[in-house]
Amino acid sequence: MMSATSSHLEALEALYKALTFLEKQTLPVPTRAALNNAKRQLQNLRNALESPPQPGTDRLAALYRVSQSLGASLKLDEVLTQVMDSVIQLTGAERGFLMLLDRQSGELSLRAARNIQQENLQQEDMKVSHTVIQSVIQSGEGVVTTNAQSDPRFAGQESVVFYALRSVMCAPLKARGRVIGVIYVDNRAQSGIFGEEDLNLLNAFAGQAAIAIENAQLYTQTDRALAARVAELETLSRVDQDLNAQLDLERVVELTRQWALRGTQARNCWIILLNDEDELRFAPAQPPALPEDIVSFLTTPRASADLLHLPAREDHPALCLATLVHNRQTVGGILIAGEKNIEPAARQFLKRLADRAAAAVQNARLYQAVEAANEAKSQFVSIVTHELRIPLTSIKGYTDLIRQGVVGPITEQQTEFLNVIANNVERMSRLISDLSDISRIERGKLRLEPSHFSLPERVEETINSLRHKLEEKGQTISTELDTSLPQVYADPNRVVQVLTNLISNAWKYTPEGGRILVRAYPLDGKVQVEVQDNGIGISEEDQKKLFTQFFRSESPAVREQTGWGLGLNVTRKLVEIMGGEIGFQSELGKGSTFWFTLPVEPAPST
């Protein structure tokens, strides 16, 4: 006599062949999809009938195998799906659900819903008995019913009746003695699918699954926290770059405001700056109401950045103040306002922002003070040089008239005195000219008139203007100008000034009978000019300070020459603003070579 299982298998085989035959026919796409789904379900059912229920030892072995596989992943969603597929495999359920409790709110959320084909359930299939689930959560004990329709515990429940639930089993997920969720499986079509033995198996598996789920939750929380910290560090790195890109106080203040609003999601933000007299300056404007607590907290000396949090009250919204402390000195604060109390994460971000903004604000304030001092110095120099030119012009003019005998004959001694006056007037005129140039360069008001011109002509012009000085010391000057020298693009008058300063320096610090060479040749798309002498040279110590304003060597050979220590500084500034570079090589006692470059074409506009 054929067994029930054999007859069932034959019936399934016949139905499977019929579906296969229909599948070969011309059918609409939805019908063909339904046939494919029916064939998969028949195959699963046939597999289940061919594999009879395992004895207890086999089921424990199966439990061991699926429990071992739970640790394969620490990604929470993967673990939840793996748990549900394993539960359905162990119990032979039609479908299964996994729900987790939120630790803070206590609400239950559905995290996985799978069927016997290891597919995610559609929304219309997610109909379960919440009465069964709640009883498991409250009692902490598993529940099984062979037929919920006739079970006195659940038969009267709407969900059981409405969804036609029959075989139902639910087990708690417990970790460290605490219920963290439930596993729910059922079969809506058949009764008597589950028994107490199945519940024991499910409880055992749920204990293993709860540990795997909690480990995955901890990993996910740690991973999220790490990702959040990395994101915050990246944000703070961008903050550092923004705040320190320029030393503009107004820009630093506004950037700090924008970062504070962005990083804390506050409703409003003010930057408060404190001066040495504890006077407050607000940006963009003073808050409508500033509690006394804020002022006293801000003006109390602090060693490092600190926070003050004031919960919302009738007279003001929730406020949080982070002090800006630099070198143990409070320089200001960042004040944010919100509708609700400021969250701890927002407070911590505000404090970290304050740590970075404090140095940027103080540096910008110091730079602003230096800029103001430089501007005041430049204005003073401009006024002084202008006022000195008038009397010097008069002194020079009258001295020349007297020396020429316009007002009558003069003695030899008077001529000598007048020559001393003329020489000193010339020195003062050069000083005033150099100071005026420095002032205009530093204020960005020096006007250049660049053009293309032939450099050899300017070299010859400069040498001719200085030839009488060279001849007085019996010095020889020669030139080596490359015949293929291109025209340069610069201000011709300023180039003459540069050449005059460098040749004059060579004349000053080269002994009588010495040699000076002016050389020019193309180099890397520019023209390089060199002024070489065989004079006293420059010590290594003095070379480090050579282009500094008002620097003059302590060497007696240098001190015996007149000068103010401004010529080389002006020369360097002029070369650089014309788009060139300047440098030198020197050896003490053997002479020096000063070089500079000039462009042959205008710099490309940016």
Side-chain angles (χ1 to χ4, degrees), residues 41 44 63 66-67 69-70 73 75-103 105-149 151 153-154 157-175 178-191 193-195 198-214 216-217:
Q41 293 188 22
N44 290 331
L63 174 62
V66 296
S67 297
S69 67
L70 286 179
S73 174
K75 295 182 178 179
L76 183 58
D77 289 338
E78 290 183 5
V79 170
L80 297 178
T81 299
Q82 189 179 25
V83 166
M84 283 318 307
D85 288 343
S86 299
V87 165
I88 293 172
Q89 176 188 341
L90 282 173
T91 62
E94 177 190 9
R95 58 182 193 155
F97 302 86
L98 193 150
M99 303 178 185
L100 296 180
L101 280 169
D102 184 274
R103 181 173 294 187
S105 66
E107 294 181 357
L108 199 64
S109 61
L110 179 65
R111 299 300 302 271
R114 305 279 282 179
N115 61 20
I116 195 170
Q117 286 85 29
Q118 296 188 349
E119 299 169 337
N120 289 325
L121 293 177
Q122 301 301 315
Q123 186 65 38
E124 60 269 16
D125 295 324
M126 296 184 186
K127 299 168 182 176
V128 298
S129 172
H130 290 282
T131 304
V132 173
I133 293 170
Q134 287 300 327
S135 67
V136 170
I137 291 175
Q138 292 171 6
S139 66
E141 301 294 334
V143 167
V144 62
T145 176
T146 56
N147 189 346
Q149 297 291 323
D151 191 322
R153 295 174 297 173
F154 312 114
Q157 300 299 326
E158 284 187 20
S159 58
V160 172
V161 175
F162 188 74
Y163 300 144
L165 301 177
R166 288 177 172 78
S167 297
V168 176
M169 186 163 55
C170 186
L173 291 165
K174 289 184 180 179
R178 182 176 60 87
V179 176
I180 65 170
V182 296
I183 296 176
Y184 173 100
V185 294
D186 67 14
N187 192 308
R188 292 170 295 179
Q190 299 182 46
S191 304
I193 298 295
F194 312 124
D198 295 295
L199 181 59
N200 292 336
L201 185 67
L202 183 60
N203 280 328
F205 178 76
Q208 298 290 325
I211 295 172
I213 290 171
E214 189 170 61
Q217 285 179 320

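Any value given below was found using the heavy atoms of this structure, including those in side chains, with hydrogens, waters and symmetry copies removed.
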(message) Less than 3.5 Å apart, any donor N or O on the side chain of Ser167 or Asn187 sitting next to an acceptor on the other?
(response) no
Min side-chain heavy-atom separation [X]-[Y] under 4.5 Å:
X	Y	answer
Leu100	Leu173	yes
Leu101	Ile180	no
Phe194	Val185	yes

With sequence neighbours left out, write down each residue that passes side chain to side chain contact (heavy atoms under 4.5 Å, CB included) with [X], or none if nothing qualifies.
X	answer
Leu199	Val144, Met169, Glu196, Asn203
Asn115	Gln117, Glu119, Leu121
Thr145	Ala148, Asp151, Arg153, Phe154, Val168

(message) For the CG atom of Asp102 and the CD atom of Glu107, what is their distance to the nearest 0.5 Å?
(response) 7.0 Å
(request) List the steps and the verdict of side-chain contact (heavy atoms from CB on, under 4.5 Å) for Ile116 and Glu94. (result) CA-CA 5 Å; Ile116 195 170; Glu94 177 190 9; 5.7 Å; no
(request) Begin from the C-alpha positions of Ile133 and Ile137 and carry the test side-chain contact (heavy atoms from CB on, under 4.5 Å) through to its verdict. (result) CA-CA 6 Å; Ile133 293 170; Ile137 291 175; 4.0 Å; yes
Checking [X] now: which residues fulfil side-chain hydrogen bond (donor to acceptor under 3.5 Å, both in side chains) with it, not counting sequence neighbours?
X	result
Asn200	none
Gln157	Thr131
Arg114	Asp85, Asn120
Ser135	none

